[in-house]
Amino acid sequence: MVENSGGPNYKSFLWKRTNVDFFSGEDVLLIARKLIGMRLNTLIDNKLTSGIITEAEAYAGETDRASHAFGGRRTRRTETMYQQAGLAYIYLCYGIHSLLNVVTNIEGIPHAVLIRAVYPVSGLDIMERRINRRINPVKDGSGPGKVTKLMGLDCSYNATDMTVSNVLWIEDSDFRFSRRLIKSTPRIGVDYAGEDALLPYRYLVDNQMAEAEIKKAGLY
DNA sequence: AACAAGATTAACT
DNA sequence: GTTAATCTTGTTA
């Protein structure tokens, strides 16, 4: 639990680790929607990096043609998705990029939410070292491979329990984006999923809008 | 055993 | 707009 240091004219937000009650639930869409505006954190090599989640997609398990677990596929890769809520499902995409998901249901039901974008708020100097150039907070956190790159994550962090980990965890506060800024659209890069590719399972706030709201709220 | 496609990105032309 | 990067999985032989 960390309280940020706002100046006299700024509202102070109390951030609290999300517990298993938050992650765990029937409705993976609702969880994806609620993750927008929460804070993703890593503490790696004693360096803290954080970002406000601005884009997430729900993957609805064995009946969802876009999910790795469609049809009950249970392989070494998908095994983490079948575990309990709050674990991080991190897998290698296109042989190159590590993609971070939150597991959101009970053991045996492979629901997950893909974190597709964050707005960086802490440890930007660390993030610059990771991408090896100056950071553009609006652009560089937008994309699921970019999120893990900024946060220092790779597949070795797969199956981390985010409800207890001091390396990878998610926090909530009273901060919320304006409802009207949160859009829902079909998911990205899942054309192979037939009709399921059209489902509006993607939630996002434009990172430019997110920056304005975050500054207006006096978060950073 | 071989191959194609994938929840992507950066560097090209 | 095109392409190379390159690991896991499912399909075909």
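In what follows, chains are A, B, ... by sequence order, proteins preceding strands, each numbered from 1.
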Rounded to whole Å, how long is the line connecting atom CD1 of I115(A) with atom P of dT8(B)? 14 Å
Could you label the plane-to-plane angle of the Y91(A) and Y89(A) rings as parallel, tilted or perpendicular, counting under 30° as parallel and over 60° as perpendicular? parallel
What is the nucleic acid contact for R187(A), judged by heavy atoms within less than 4.0 Å: base, sugar-phosphate only, or nothing? nothing
Using the six-membered ring wherever Trp is involved, compare the ring planes of F13(A) and F175(A) and label them parallel, tilted or perpendicular (cut-offs 30° and 60°). perpendicular
Interatomic distance where CZ belongs to F70(A) and C1' belongs to dT9(C) [whole Å]: 15 Å
Whole-Å distance separating the CG atom of N101(A) from the P atom of dT8(B): 11 Å
Can you give the dot-bracket line for DNA chain C, using ( ) for pairs inside the strand, [ ] for pairs that cross earlier ones, | for pairs with another strand and . for unpaired bases, where Watson-Crick and G-U count if both distances are under 3.5 Å? |||||.||||||.
Which part of the nucleic acid, if any, lies within contact of K149(A), taking any heavy atom under 4.0 Å across all strands shown: a base, the sugar-phosphate backbone alone, or nothing? nothing
Is there a residue in residues 58-66 of chain A whose heavy atoms reach under 4.0 Å of DNA chain B, and which residues are they? Y59(A), A66(A)
Would you call E213(A)-K216(A) a salt bridge at under 4.0 Å N-O? yes
Numerically ordered, the residues 90-97 of chain A set in heavy-atom contact under 4.0 Å with DNA chain B is Y91(A), C93(A), Y94(A), H97(A)
When all nucleic acid strands are considered with a 4.0 Å heavy-atom cut-off, which category describes L99(A): base, sugar-phosphate, or nothing? sugar-phosphate
Ignoring the backbone of I188(A), work out which of dA10(B), dT8(B), dG10(C) is nearest its side chain. dT8(B)
Give, for atom CG of N136(A) and atom CZ of R134(A), the distance between the pair rounded to the nearest 0.5 Å. 12.0 Å
Charged N-O contact under 4.0 Å between D140(A) and K149(A): no
Options dT9(B), dT9(C), dA10(B), nucleotide nearest the side-chain atoms of R133(A): dA10(B)
Nearest to the side chain of R116(A), heavy atoms from C-beta on, is which of dT8(B), dT9(B), dG10(C)? dT8(B)
Distance, rounded to the nearest Å, where I131(A) contributes CD1 and dA11(B) contributes P: 11 Å
Between dA11(B) (C1') and K146(A) (NZ): distance, integer Å: 13 Å
In whole angstrom, what separates H68(A)'s NE2 from dA5(B)'s P? 16 Å
Spacing of L100(A) atom CG and I170(A) atom CD1 [to the nearest 0.5 Å]: 7.0 Å
Could you give the distance separating dA10(B) and dT8(C) at their C1' atoms, to the nearest angstrom? 22 Å
Centroid-to-centroid, Y201(A) to Y203(A), below 6.0 Å? no
Residue pair S50(A) / N41(A), side-chain donor-acceptor N/O under 3.5 Å: yes
Hey, which of T54(A), I53(A), V118(A), L99(A) is the one that makes side-chain contact (heavy atoms from CB on, under 4.5 Å) with V147(A)? V118(A)
Taking only Lys NZ, Arg NE, NH1 and NH2, and the carboxylate oxygens of Asp or Glu, determine whether K16(A) and E171(A) approach each other closer than 4.0 Å. no
N/O (side chain, R73(A)) to phosphate O (OP1/OP2, dT9(C)) under 4.0 Å: no
Could R187(A) and D64(A) be called an ion pair, given the rule that one side-chain N must be under 4.0 Å from one carboxylate O? yes
Single-linkage hydrophobic cluster, 4.5 Å side-chain cutoff, L92(A) and Y157(A) together: no
